[in-house]
Protein chains: 2
Amino acid sequence: MDELVFDVFARNCTSRETMEHATGRWGTLALVALLDGTTRFNALRRRVDGISEKMLSQTLQALERDGLVLREARPTIPPHVEYSLTGLGTDVAKQLHTLVELLESRMPEVMTAREAYDAR
Amino acid sequence: MDELVFDVFARNCTSRETMEHATGRWGTLALVALLDGTTRFNALRRRVDGISEKMLSQTLQALERDGLVLREARPTIPPHVEYSLTGLGTDVAKQLHTLVELLESRMPEVMTAREAYDAR
DNA sequence: CGGTATCCGTACTGATACTG
DNA sequence: CAGTATCAGTACGGATACCG
C-alpha cells in the first residue's frame with residue numbers, strides 16, 4: 001500500500017510541494033491577483049510589485065502544472081496570453097485571500113509584538 | 001501620510017513579510033503542528049519531518065517576533081522550553097490548516113493535472 | 001507581447017560540532 | 001534539552017540580453 005504521501009508533515013510529501021507553490025513568496029500573490037479575473041502576463045507583472053519576468057513565469061508554470069492556474073494563448077502577433085484560475089485554484093486563492101486579509105487587519109498587533117521583541 | 005504599508009501587492013510591505021514567515025516552507029508546518037497544543041522544541045522537530053534544528057529555531061524566532069508564537073522557557077536543568085500559539089497565531093494557523101486540508105483532499109486533481117501537463 | 005537563456009551574487013539550507 | 005556557531009553547497013532571485 002501507499003504511504004501517506006499527502007500528509008504535509010511527511011518529508012516526501014506531494015501536498016507539501018503543492019503547498020509551497022501556492023503559499024510561496026510569489027505563489028500567493030499571483031493567485032490572489034488572479035481572483036480579480038483573467039489577466040495577461042504583463043498586467044500580472046505590474047500588479048505584483050517587485051516580481052521579475054523570470055519569477056512570474058516560473059511561478060505561473062508551477063501553478064499551471066499543479067492545476068491551479070489555466071493558461072490560454074492565442075496564436076496572434078503580437079502574442080496574447082491570458083491566465084485565470086481553475087476551480088481548484090479559485091478555492092485555494094480564496095483561502096489565501098482570507099489569510100491575507102486576516103493578517104493585514106491585524107498588522108498593528110504584529111508591529112506591537114515586534115517592538116516588544118526587539119526591545120529586549 | 002503613510003503609504004499603504006499593509007497592502008501585500010506593494011513591494012515594501014510589512015504584511016508581505018509576515019505572510020512569508022507564516023506561509024513559508026517551515027512556517028506553515030510549525031504553525032499547524034502547534035494547533036495540537038503547547039509543544040517542546042524537540043517534539044516539534046520530530047513532528048515536522050525533515051526540518052533541521054537551525055531552521056526550526058529560525059522559524060520559531062521569526063514567528064515569535066511577529067507575535068504568532070509564544071515561547072516560554074523554564075530556567076531548569078536541563079532546559080524546558082515550550083512553544084504555543086498566541087491568539088493571532090491560532091487564527092492564522094487555523095486558516096493555514098484549512099488550506100492544507102483543502103489541498104490534501106484535492107491532491108488527486110493536482111496529480112491528474114500534472115500528468116496532463118507533463119504529457120505535452 | 002510573452003516569454004526563454006544566461007550569468008552571477010547572495011541568501012537560504014543542512015551537517016556537524018559545540019555549549020549551558 | 002534547547003539551542004548557537006561555523007561552514008560548504010545549492011538553489012533562489014534579479015539583471016540583462018535575446019527570440020518568435
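In what follows, every chain begins at residue 1, and chains take the letters A, B, ... in the order their sequences are listed.
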Whole angstrom is fine here: how far is it from CD in A:Glu53 over to C1' in D:dC19?
12 Å
A:Asn42 vs A:Arg11, nearer the 5' end of DNA chain C by closest nucleotide:
A:Asn42
Mind calculating the distance between NE2 (A:His21) and C1' (D:dA11) to the nearest angstrom?
13 Å
Is A:Arg74 touching bases, backbone alone, or none of the nucleic acid, heavy atoms closer than 4.0 Å?
nothing
Would you mind classifying the nucleic acid contact of A:Gln61 as base, sugar-phosphate or nothing, using non-hydrogen atoms under 4.0 angstrom?
sugar-phosphate
Mind calculating the distance between CD (A:Glu82) and C1' (C:dG2) to the nearest angstrom?
13 Å
Ignoring hydrogens and geometry beyond distance, is a side-chain donor-acceptor pair present between B:Arg45 and B:Ser57 at under 3.5 Å?
no
Hey, are the side chains of A:Leu35 and A:Lys94 touching, using non-hydrogen atoms and a 4.5 Å cut-off?
yes
On the nucleotide D:dG3, are OP1 or OP2 found under 4.0 Å from the side-chain N or O atoms that B:Arg40 carries?
no
Name the closest nucleotide to the B:Pro79 side chain, picking from C:dG20, D:dG14, C:dG3.
C:dG20
B:Gln58 vs D:dG3: side-chain N/O to OP1/OP2 distance below 4.0 Å
no
Rounding to an integer number of Å, can you tell me how far B:Arg16 CZ sits from D:dG13 C1'?
13 Å
Note the angle between the end axes of the helix from C:dC1-D:dG20 to C:dG20-D:dC1, five pairs defining each, rounded to 10 degrees.
50°
When you measure from the side-chain N and O atoms of B:Ser57 to the phosphate of D:dA2, is any distance below 4.0 Å, counting only OP1 and OP2?
no
Report the distance from atom CD1 of B:Ile77 to atom P of C:dT19, rounded to the nearest whole Å.
16 Å
DNA chain C: B:Lys54 or A:Arg46, which has the more 5' nearest nucleotide?
A:Arg46
Below 4.0 Å: OP1/OP2 of C:dG3 and any side-chain N or O of A:Tyr83
yes
Rounded to whole angstrom units, what separation is found between the CE atom of B:Met55 and the P atom of C:dT16?
16 Å
Passing option when B:Gln95 is tested against A:Thr98, A:Leu103, A:Leu96 for side chain to side chain contact (heavy atoms under 4.5 Å, CB included)
A:Thr98
What distance do B:Arg65 atom CZ and B:His21 atom NE2 have between them, rounded to the nearest 0.5 Å?
7.5 Å
Would a 4.5 Å heavy-atom cut-off, applied to side chains only, mark B:Tyr117 and A:Gln61 as touching?
yes
With a 4.0 Å cut-off on N to O distance, would you call B:Glu17 and A:Arg114 a salt bridge?
yes
Residue pair A:His80 / A:Glu82, side-chain donor-acceptor N/O under 3.5 Å:
yes
Can a side chain N or O of A:Arg45 be found less than 4.0 Å away from OP1 or OP2 on C:dC1?
no
Atom CD of B:Glu72 and atom P of D:dA2: how far apart are they, to the nearest Å?
14 Å
Measure from CD1 on A:Ile51 to C1' on C:dG3 and round the result to the nearest Å.
14 Å
Side chain to side chain, A:Arg16 and B:Thr28, heavy atoms closer than 4.5 Å:
no
